[in-house]
Amino acid sequence: MSLSIHLRHDLPDLRLDLSFDAPSGVTVLFGRSGSGKTTVVNAVAGLLRPQTGRVAIDGWELFDTQKNRWLPPHRRRLGYIFQEGRLFPHMTVRQNLYYGRWFAPKRARRENPDKVIEMLGIGHLLDRRPAGLSGGEKQRVAIGRALLASPRLILADEPLAALDDARKAEILPYFERLRDEVSVPILYVTHSAAEVARLATSVVALQDGKAVRHGPASEVMADPSIAPAGVRAVGAVLNVRVREHHADGLTELEAGGARLFLPRIPHQAGEGLRIRIPAQEVILSNKRPEGLSALNVLEGVVETIRAGEGPGAIVSVKTPAGPILARITRRSVAALGLEPGQTCFAVIKTVALAPQDVGGRLTAP
Amino acid sequence: MSLSIHLRHDLPDLRLDLSFDAPSGVTVLFGRSGSGKTTVVNAVAGLLRPQTGRVAIDGWELFDTQKNRWLPPHRRRLGYIFQEGRLFPHMTVRQNLYYGRWFAPKRARRENPDKVIEMLGIGHLLDRRPAGLSGGEKQRVAIGRALLASPRLILADEPLAALDDARKAEILPYFERLRDEVSVPILYVTHSAAEVARLATSVVALQDGKAVRHGPASEVMADPSIAPAGVRAVGAVLNVRVREHHADGLTELEAGGARLFLPRIPHQAGEGLRIRIPAQEVILSNKRPEGLSALNVLEGVVETIRAGEGPGAIVSVKTPAGPILARITRRSVAALGLEPGQTCFAVIKTVALAPQDVGGRLTAP
Amino acid sequence: MGWLGPAELEALRLSLRVSFWATLVTLPFGIFVAYALARWRFPGRQLLNGLVHLPLILPPVVTGYLLLLTFGVQGPLGRLLAEFGIVVAFRWTGAALAAGIMAFPLMVRAIRLSIEAVDPKLEQAGATLGASRPFVFATVTLPMILPGVIAGGILAFAKAMGEFGATITFVSNIPGQTQTLPSAVYAFLQVPGGESAATRLVVVSIVIAMGALLLSEYVGRRAAARVSGS
Amino acid sequence: MGWLGPAELEALRLSLRVSFWATLVTLPFGIFVAYALARWRFPGRQLLNGLVHLPLILPPVVTGYLLLLTFGVQGPLGRLLAEFGIVVAFRWTGAALAAGIMAFPLMVRAIRLSIEAVDPKLEQAGATLGASRPFVFATVTLPMILPGVIAGGILAFAKAMGEFGATITFVSNIPGQTQTLPSAVYAFLQVPGGESAATRLVVVSIVIAMGALLLSEYVGRRAAARVSGS
Amino acid sequence: TLAPLRAGAAEILVFAAASLKTALDEIAPAFEQETGHDVKVSFAASSVLARQIQLGAPADVYISANVNWMDVLEDEGLIQTASRVDLLGNRLVLIGGTEQPKIGQLEPGLALDQLLDGGYLAMALVDAVPAGIYGKAALQSLGLWQEVHMHVAQTDNVRAALALVATGSAPLGIVYRSDAQAEDRVHVVAEFSPDLHPPIIYPAAIVTSARPEAQAFLDHLQTKAAWVVFSKQGFALPGS
Ligand SMILES: Nc1ncnc2c1ncn2[C@@H]1O[C@H](COP(=O)(O)OP(=O)(O)OP(=O)(O)O)[C@@H](O)[C@H]1O
Ligand SMILES: Nc1ncnc2c1ncn2[C@@H]1O[C@H](COP(=O)(O)OP(=O)(O)OP(=O)(O)O)[C@@H](O)[C@H]1O
Ligand SMILES: [Mg+2]
Ligand SMILES: [Mg+2]
């Protein structure tokens, strides 16, 4: 499945003009407040009629202004999670959740409502009405409502912004599952680099209504120049395989022959997954470090050194596990005498690999 | 100034029952979705009339159910930044911003509107109406509206959740300035540990309507057991002084005689400030490390080792700069043979000190 | 109600029947027209709007006369309906028609205001979830405007209970057939000594209308509470 | 309007004046009562609600008669007002009073519906910013209900233009003083052959009321657009 | 709801001027008793009823409060000309509150404005409603119209004019004697001589399309028994 979007639309203060084809999976729209993300999503949903453009899911045209084709919103089979919830105030939470199911074709793949409700932790709210719910509760119901509509495309406009970290960590895997197992394409708006790294198959960086950067997540996220995420979002994405769970609560991973430890993850031994290693979490050393608390040390060869903004530089190190990015100060580059071709050691703290940086099964972008 | 809150109120599904006195500065309410944060804020604002309770700012009672005292909301002089914006749809952005000023007493301290508008980046929106604004734009206007009302207490309910990182980084200092310079007390609801660490003078952790933990930010944040933030929010807060700005973009800090480097910060030489050092960013070594890219190495003595949840442990190291917390695996604790009284070295990456962890001038909690 | 004579009871019963049907039958039209006026842009929209308001502006006698001209025995619409076996001239159905038409502007205004207060964003949300326009209307718009529909309905009912000028002009004042409470009151007021009988009837209509009003307040409040969730 | 005689022109002018003032003067009361009914809980609320609706339910003649009893030369309120130099009996002011009272329920209903549609959360936001209740009302509620106020006002104006029964009963029909368009129309309809003159007057009132309606649509739409921001 | 009709019994629909309500409410049941016919009377303004007959109302008998509308129907062939009778008459009176002194005779030169004392003279619409038309004619005959016409408060029917006087809103009014009779708060100040105005006549006739039984009812209205009722209500013989 793929998503093809061409849009051109003038708003009073903003000219939207973008065009991209996204592969199956999660396409993240990334950009500053006011850059036009919601507007793009609305155009895909059919809530905004762009002046010119075409949107197609896997060849199925939602609209094409040239051919004068226009599917009304209710025929598009979407699950739109709105930035502001938009729950139906006169219905209970249960009725909100089941609303889309009335209209889904009988043969459509159906989520198991009980599972969704449990995952979102809203079982105790089912008979309440939206008005009394907290901000986060509302947003969880909105997510559930969209998921249960058996959509062919999920539009998620900052779905997790109102949620606490623990809840985020619970819900993120669900989006991964949607991406990996059910292959519903997802157009996902977020500000969070962690969410991008974890979910994105491809990333479209928006700025003033234009797509300034577009590509596979691993590429875009390795590029310090993308404005919205900032240099702190840069990181490498490694394909790894779970080798063993240790008794002291660590999980051992295997990546291209190298070993990596991180706090216990729920995945099974043998399972493949991808992890993001934020560049700023990586320390480089020019000799094998000893007596350090950090358990992960990867030997490699410096490939490139890019001076980033400010006092920092991004050093790319080729290791058996894959390329690792490290963000260090230029002063350290000088002090360690780093230059391309030189051998060095990347030190990664075990606990620095945050759960939100560990994704589900990897699908090739 | 201090904020004193005693509340008891039964909602259908939640019993709110909490009581705390917060010192001047920013009091952060911290807790999972649905734990009652907004309800507390509403009670302080007078939008909810609690069954019993008392709220006072610096002795000035907003209400006291025992004395049957009840100030109506408009006499409380608040700046409430609502979780959902609540802009006036029939007014322009400018009219929204200036709304509270009509009612502020003439002698009240007044923010400079131009400065606020510039800081929030909403100058180009002044003549627009809220309906056409993006989610983040709305929230910025809501912040400006509250700030310009010359409030005696600011209530901020997840004010930055809808904003991108860059914008957050721009707005956070403003809340700091409010805290430090203007000494407006702020009751601040957030999910973000970074925001807590940076802003909070004291933290109240809410769970199911009860205050499960309450204390100065540095204490609460050093405690891995507080549920909402999770172990990743643990960190030490150091009082430092800016010593010198180096030509290569680094700023040298002095902390109890020790030197720390971090990427250039805007503060002036000689200025005092506080920085948060997240526990998970700290690596420990049992001998002085060499050849590492990390510029900051602090020698110290292990004070305590607390086994945290999972495979980790929190090691507290007494250094000349102050106590440093390090979160490392128990395996490393064993491998390094760490125990209380032992000398060790804390390694902190320069770039790991994120701008959002660097606060403004420190005020004693 | 022992103090109402049989003729008066008959008028009461008739008034109730006329008002009930006038309200019930016009309600769907009222909702439709209100929706069209609130949400659609079409040529002739203002004309429709004006037409709807006409009975409010015209003296009731004129409305009654116009009804007599069009729906009477010899009127074009009257003849058309007669071919389908529907006779309204000088029947209670005609009284209901007159009352319905007189009440229509009130009903439409009330419903229209509540439709305009529904946030289109909620309707959009319904659409993205797969509901077609009629479904969105039935499941989102209609439940949310219920308080307005009830208000409009009760306004119409009250108006119908009090309507007199157009009714008597259109279908006359035939006991048991077209003599509603207000027409009976009118007749009593035209003769010496009729005041006490008229007062009795007026009190009865007040009691009924107030009862309906209270009921509608209660139902409307419950509907509104459901929407606001409190 | 060369085809209107001087007497008819006078009636037209008077009708406009009466309806204009009836609407203008009752509007603040209408807004107040609507607000009280929509937002306050107080003993006697349902009584007030019933009272407001009374003119809708009562036959106009009865309303007129009650007005005569209370505001007439000998009526208690009439005498009270007279002490302040205000005479309504047999004056155009009385016609305006009658029209205003007859139109009041329509106005209140329309305004009340729009008040109920205003999200109290916005009013709360105003309060936290320091605005007292009246200020919140003036700066938040009132601008947001403007479309409803306009709708209510125009409904009242249209009703006032068409009101006849209560007016003629209360202040009778004194040319140049209390002879409004509808009473002139009524007079014409009483005599054989008066239809064409009546038609002329009816056309005039329709034109005026439609003009007011169009204007109100336009103004109301602009006000609504401001609120919705589009 | 209705008692079963006797063999040969019919339903008769009467369109009658509203001011006849009390009398006909008494006369019709007696007639029903006697004949077994079922009489329904629709009371409304004469003009309204006439228009309805013009437009096909199923009325059998029409009783008007003035001759004009009957003339119109007759001209249009809507009534059986032969059946038309002048059923009743009435007298016009000047009424006032009970404190008003009685005047013996209404004469030209009467100082009516003095009696009004700045107040209004209550009448039915002087160009539209019969009582008003007759009253205006009478005042014109007396030469009083010019001076008083600015002080006339016109109502849509006689009863409303009576109410104005009864409530003390107007000091004087001109109404039918039949109306003045039952109101305690007013009394007759003076009677107008019948020759001051065109004769007050309530004509009755059978509608062209009427059922044959209608004639029986019209006949009954002219019986002695009916007259007793009418005169009790203050009606006069036509032309008296
Ligand atoms: N009026 C009400 N009626 C019933 N329950 C309510 C009402 N208001 C709040 N609650 C419930 O009280 C709990 C606390 O709500 P509150 O809005 O304070 O949560 P919160 O901590 O602000 O959450 P979030 O972070 O999601 O905004 C929630 O479970 C909510 O459903
Ligand atoms: N109907 C409209 N009329 C005028 N301007 C509009 C309209 N809708 C959106 N805009 C403007 O277009 C820009 C993009 O809006 P959009 O909602 O797409 O931003 P966004 O990227 O989703 O921002 P955020 O992250 O804050 O939600 C904003 O500057 C907004 O003010
Ligand atoms: Mg957006
Ligand atoms: Mg909340």
Side-chain angles (χ1 to χ4, degrees), chain D residues 5 7-8 11 59-79 82 87-92 94-95 98 163-180 182-195 197-198 201, chain E residues 17-18 44-51 54 64-76 97 99 116-133 148-171 173 185:
Chain D
E8 295 166 5
V61 187
V62 175
T63 308
Y65 189 69
L66 292 176
L67 282 175
L68 194 59
L69 285 177
T70 45
F71 286 96
V73 179
Q74 305 288 327
L77 289 180
R79 282 198 226 178
V87 178
V88 290
F90 303 114
R91 298 285 166 83
W92 73 267
E163 213 302 304
F164 157 66
T167 308
I168 200 167
T169 308
F170 177 33
V171 291
S172 82
N173 179 336
I174 303 165
Q177 193 66 257
T178 61
Q179 182 175 55
T180 57
S183 30
V185 169
Y186 178 84
F188 279 122
L189 284 180
Q190 293 309 303
V191 290
E195 289 88 353
L201 293 185
Chain E
S46 307
S47 58
V48 168
L49 297 171
R51 279 216 182 77
Q54 280 180 317
S64 171
N66 66 27
V67 291
N68 294 349
W69 281 107
M70 191 61 91
D71 291 346
V72 168
L73 293 188
E74 186 169 355
D75 290 349
E76 293 180 7
E99 78 288 351
L116 286 173
D117 190 24
Y120 283 90
L121 176 64
M123 295 174 70
L125 287 167
V126 296
D127 294 318
V129 176
I133 297 172
V148 90
H149 84 276
M150 288 307 294
H151 302 283
V152 173
Q154 308 175 46
T155 60
D156 56 329
N157 60 63
V158 210
R159 303 286 308 166
L162 180 70
L164 285 181
V165 181
T167 58
S169 298
R185 291 172 294 177

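All chains are named by letter (A, B, ...) in the order of the sequence lines, taking the proteins before the strands, and each is independently numbered beginning at 1. All heavy atoms count here, side chains included; hydrogens, waters and symmetry mates do not.
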Region of E:Arg51 that comes under 4.5 Å of a non-hydrogen atom in chain D: side chain
Go through the atoms of E:Ala45 and report whether side chain, backbone, both or neither lie under 4.5 Å from a heavy atom of chain D. side chain
Specify the closest pair of heavy atoms between E:Val158 and E:Ala131, including all atoms of both residues, with the distance to one decimal. CG2-CB, 3.7 Å
Measure distances from E:Val72 to the heavy atoms of chain D and classify the residue's part below 4.5 Å as side chain, backbone, both or neither. side chain
Please rank E:Pro130, E:Ala122, E:Ala153, E:Ala50 by heavy-atom pairs under 4.5 Å with chain D and give me the top one. E:Ala153
Looking only at heavy atoms, the pair that brings E:Thr155 and E:Ala160 closest together is CB-CB, 3.5 Å
Residue D:Ile168 versus chain E: region with a heavy atom under 4.5 Å: both
To the nearest 0.5 Å, how far apart are CD in E:Gln154 and OG1 in D:Thr178? 8.5 Å
D:Gln177 side chain to D:Arg91 main-chain N or O, any donor-acceptor pair under 3.5 Å? no
With a 4.5 angstrom heavy-atom cut-off, could you sort out which part of D:Ala89 is near chain E: side chain, backbone, both or neither? neither
Quick one: CE on E:Met123 to CG on E:Leu164, what's the gap to the nearest 0.5 Å? 12.5 Å
Between D:Phe170 and chain E, with a heavy-atom cut-off of 4.5 Å, which part of the residue counts as in contact: side chain, backbone, both or neither? backbone
Judged by atom type as modelled, is there a donor-acceptor pair below 3.5 Å linking the side chain of D:Ser183 to the main-chain atoms of D:Gln179? no
Report which part of E:Asp156 has an atom under 4.5 Å of a heavy atom belonging to chain D: side chain, backbone, both, or neither. both
